[in-house]
Amino acid sequence: IGEKLRGSDHPDLAALLNNLAELLRAQGKYAEAELLYKGAIAIGEESLGPDNPDIGASLCDLANVLQKQVA
């Protein structure tokens with residue numbers, strides 16, 4: 001829905017994907033969360049720029065999920 005309303009490159013969509021990834025991570029669904037974090041990062045880098053603090057937070061979240069998958 002968010003993608004249809006705002007477009008596929010809107011920062012709000014990145015935030016939505018990141019929030020959904022957080023929910024999946026909390027449920028232990030790490031592979032699914034990884035995909036959503038990567039999508040959020042890609043959209044965020046495109047719309048906000050790679051130096052935006054939100055991108056750094058999403059990268060940290062992705063790193064945590066990747067670590068959980070190998071542990």
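Starting from 1, each residue takes its place in the sequence as its number. Quick note: numbers below take in every heavy atom, side chains included, and nothing from hydrogens, waters or symmetry partners.
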| query | According to the salt bridge (Lys or Arg N to Asp or Glu O under 4.0 Å) rule, which pairs have a member within residues 30-40, sequence neighbours left out? | reply |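 Passing the test, one end in residues 30-40: Glu34-Lys38.
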| field | Partners passing side-chain hydrogen bond (donor to acceptor under 3.5 Å, both in side chains) against Lys68 (at least two apart in sequence or in another chain) | value |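 Lys68 satisfies side-chain hydrogen bond (donor to acceptor under 3.5 Å, both in side chains) with no other residue.
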Under a 4.5 Å side-chain heavy-atom rule over Ile, Leu, Val, Met, Phe, Trp and Tyr, are [X] and [Y] clustered together?
X     : Y     : value
Ile43 : Leu62 : no
Leu59 : Leu48 : no
Leu24 : Tyr37 : no
Ile55 : Leu66 : yes
Leu36 : Leu16 : yes

| Of the non-hydrogen atoms in Ala40 and Ala14, which two are nearest, and what is the gap between them? |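 Smallest heavy-atom distance, with atoms named: CB-O, 3.3 Å.
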| query | So, for Arg25 and Tyr30, which heavy atoms are closest and what is the spacing to 0.1 Å? | reply |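 Distance-wise, the nearest heavy atoms are O-CE2, 3.6 Å.
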| query | Are more than 12 heavy atoms from other residues, nucleotides or ligands located less than 6.0 Å from atom CD of Gln27? | reply |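 Buried by this count: over 12 neighbours within 6.0 Å.
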| query | Can you pull the side chain to side chain donor-acceptor pair (under 3.5 Å) pairs that have at least one residue in residues 41-65, sequence neighbours excluded? | reply |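 Found Asn18-Ser58.
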